[in-house]
Amino acid sequence: MKKTFLALTTIALISSTGPVSAASTTLTLTDNVNIRSAASTSAKVITTLKKGTKLTAVKKVNSWYEIRYQSKPAFITSAYVKATTVKTTTTTTYITNTDAVNVRQQATTSSKSLGKLAKNSVLTVTKKSGDWYQITYKKQVAFIHASLVDKKTVKVTSTSKPATTTPVKNVIKAVDRSKIYTVNAKEGLNARTAAATNAKIYKTLPHQTVLDVTGAVDSWYQVKLDGKEAYVASTYVKASTKASPPTTPTTPGVSVTPVDASKTYRVNAPTGLNVRTLPSTSSKVFTQVGHGSTVNVTGETTGKDSGWYQIKIGTGLYYVAKSYITTGSVTTTPPVTPPPPVTTVPGSTLMERAISIGQQYLGTPYVWGSSSPVNGGFDCSGFVNYTLNAAGYAVGRTNVNGYWNDDRYLGAKLSKLRQPKRGDIIFFENTYAAGPTHIGIMLNNDQFIHANEPALGISRVSERYWTQKLLGFKSL
């Protein structure tokens, strides 16, 4: 065959979607080669391609390969090409999409946990049963809930290296950590497992929730929730400058004088004492402290606001009427008094002690798996476990599912339709996984204290998010 080199312009070679056989064939030219209009050396030469050019064959016709040149059939002799057959297979990789994923003995959230897997762990899945994947874990059959697993499908060719099983992470940009980031959405803000509106909703965060923002991805903030990474739309987040902490606790417009810090201040109010946001009976009630409870008094109001003690709960400043606080002992058996208002029903003596102990830790950070302040904070079930044991009720450590489904711990289940009262233990479900997942202690018929990301605080059952997740109650 006569070989002629022509000046080449940019050549578009478009391969057919039809394979040569069960696999595709890549052609590499071993010399400058004529491309012809038919499978014959006497056929018209369309153009000449340089040595080293790569083409994709449509099919082989005797000693010729049919290709596509400018979307039309063309032919090249097999004498001047090196053919490589590339087989394509499809592989599926299963990867955990969050941290601390429970590996269960059976396909149920109440089943024993065999261990926990970190985010981006690659799983050996044998089959799917309903909402669960059956896997091999430490040489035994185990199960993981499908919502905690992402399925990645990758095409792999025999001439290429296997695709990496580690998902590509978004580039996280730094944020100004000196600012306070809060939810600015009265209907609540969805926190998602990825920075996309079609990603799975991890949980809905109430309006004005303080966020632990760790970075930014396009129009999203990366946040820490329950020790895990999640993402919220930055449009619905307010960033404000942190106020410098005052050297002496103060409330704007309220004059306070120091008190004797060596004394112990106790509540002397048999029906409980309202804790208010300002030194006035018309101000908002933040919570209630029980009879005999100790409070952290930081000062006494003077001037037009006299008659109140300023107290500290967590990192906040609040006020209680001075006439109901004593530095001496108080009777443990309350006298007969009129019934308290429906919004503030005292719990049992045990639960009053538990609430009093728990309120001392308001503002303490949320720490996954912790049931003691020595670890720097609590998770929700760890907080309830700690306060009950500290109050004198011996209860074993388990998770929310265990406390709800095993009556040996906290007694019988009570309907979510009941009117809650102070001291009730409240349960929620489906907050970050299926089944019972969150727990707290009622302070009245609406407010409850609980360990929740980012810190121990007080929420209301009447908030839309918590109303939708309410499971029921237990009472000691």
Side-chain angles (χ1 to χ4, degrees), residues 95-101 118-121 147-152 166-245 314-316 362-368 376-377 379-380 428 430-434 437-438 440 450-469:
I95 306 170
T96 55
N97 58 29
T98 188
D99 284 321
V101 174
K119 185 177 181 180
N120 296 332
S121 296
S147 65
L148 306 176
V149 178
D150 286 339
K151 186 168 66 171
K152 309 287 184 181
T166 303
V168 177
K169 291 188 175 182
N170 291 321
V171 177
I172 308 298
K173 297 179 181 178
V175 295
D176 186 350
R177 298 302 296 270
S178 69
K179 292 186 176 181
I180 298 175
Y181 298 84
T182 54
V183 173
N184 188 25
K186 292 186 177 179
E187 296 299 318
L189 176 60
N190 289 330
R192 299 181 181 272
T193 56
T197 54
N198 60 353
K200 179 185 173 185
I201 296 175
Y202 173 67
K203 66 165 58 174
T204 301
L205 304 173
H207 181 51
Q208 295 186 339
T209 298
V210 178
L211 302 172
D212 180 8
V213 175
T214 56
V217 185
D218 297 326
S219 60
W220 296 79
Y221 281 134
Q222 182 188 70
V223 298
K224 276 286 186 181
L225 292 176
D226 308 329
K228 306 175 180 65
E229 288 180 358
Y231 299 85
V232 294
S234 58
T235 307
Y236 300 100
V237 176
K238 180 181 179 181
S240 55
T241 304
K242 291 181 181 178
S244 300
T315 57
L362 282 167
T364 302
Y366 179 94
V367 177
W368 176 267
D379 66 9
C380 64
F428 300 91
N430 306 327
T431 57
Y432 66 90
T437 50
H438 196 66
H450 61 138
N452 190 39
E453 186 74 27
L456 182 68
I458 295 173
S459 298
R460 293 182 179 274
V461 183
S462 57
E463 292 173 7
R464 180 181 176 188
Y465 174 78
W466 296 113
T467 299
Q468 293 175 337
K469 304 295 184 181

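Worth saying up front: this structure is predicted, and the values here are computed from it rather than measured.
- Among all heavy-atom pairs drawn from Cys380 and Ala451, the shortest one is CB-O, 3.5 Å.
- Closest heavy-atom contact between Asn190 and Val232: O-CG1, 3.9 Å.
- A donor-acceptor pair under 3.5 Å is absent between the side-chain atoms of Thr204 and the main chain of Leu189, judged by distance alone.
- Although no hydrogens or angles enter the test, the distance criterion places a donor-acceptor pair under 3.5 Å between the side chain of Arg192 and the main chain of Thr197.
- In this structure, Leu225 and Glu453 approach most closely via the heavy-atom pair CA-CG, 3.4 Å.
- Across Val149 and Asn97, no two heavy atoms sit closer than the pair N-ND2, 3.5 Å.
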Q) Do His438 and His450 pass the side-chain contact (heavy atoms from CB on, under 4.5 Å) test, and can you show the C-alpha distance, the side-chain angles, and the key distance before you say yes or no? A) CA-CA 9 Å; His438 196 66; His450 61 138; 2.8 Å; yes
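- When all heavy atoms of Leu205 and Ala191 are compared, the closest pair comes out as CD1-CB, 4.2 Å.
- Every residue meeting the ring pair (Phe, Tyr, Trp, His ring centres under 6.0 Å) condition with Phe428, not counting sequence neighbours, appears here in chain and number order: Phe448, Trp466.
- Between the CG atom of Leu211 and the CD atom of Gln222 there is a distance of 12.5 Å, given to the nearest 0.5 Å.
- Within the 3.5 Å criterion, the main-chain N or O of Thr96 finds no donor-acceptor partner in the side chain of Ser121.
- Across all non-hydrogen atoms, the minimal contact from Ala199 to Thr193 is CB-OG1, 4.1 Å.
- Lys200 places a side-chain N or O within 3.5 Å of a backbone atom of Ser147 that can act as its donor or acceptor partner.
- With rounding to the nearest 0.5 angstrom, the CD1 atom of Ile180 is 12.5 Å from the CG atom of Asp212.
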Q: List the steps and the verdict of side-chain contact (heavy atoms from CB on, under 4.5 Å) for Asn452 and Lys203.
A: CA-CA 12 Å; Asn452 190 39; Lys203 66 165 58 174; 3.6 Å; yes
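- A distance of 4.5 Å separates OH of Tyr366 from CG of Asp379, quoted to the nearest 0.5 Å.
- Summarising the geometry, atom CD1 belonging to Ile95 is positioned 14.0 Å from atom CG belonging to Leu148; distances are rounded to the nearest 0.5 Å.
- The line from NZ of Lys119 to CD of Glu229 is 4.0 Å long, rounded to the nearest 0.5 Å.
- When each of Thr182, Asp176, Val175 is paired with Lys179, the side-chain contact (heavy atoms from CB on, under 4.5 Å) condition holds for Asp176 and for no other.
- Tyr202 does not carry Lys228 over the face of its six-membered ring by the limits of under 6.0 Å from the centre and within 45° of the normal.
- In this structure Tyr465 satisfies the ring pair (Phe, Tyr, Trp, His ring centres under 6.0 Å) test with no other residue, sequence neighbours excluded.
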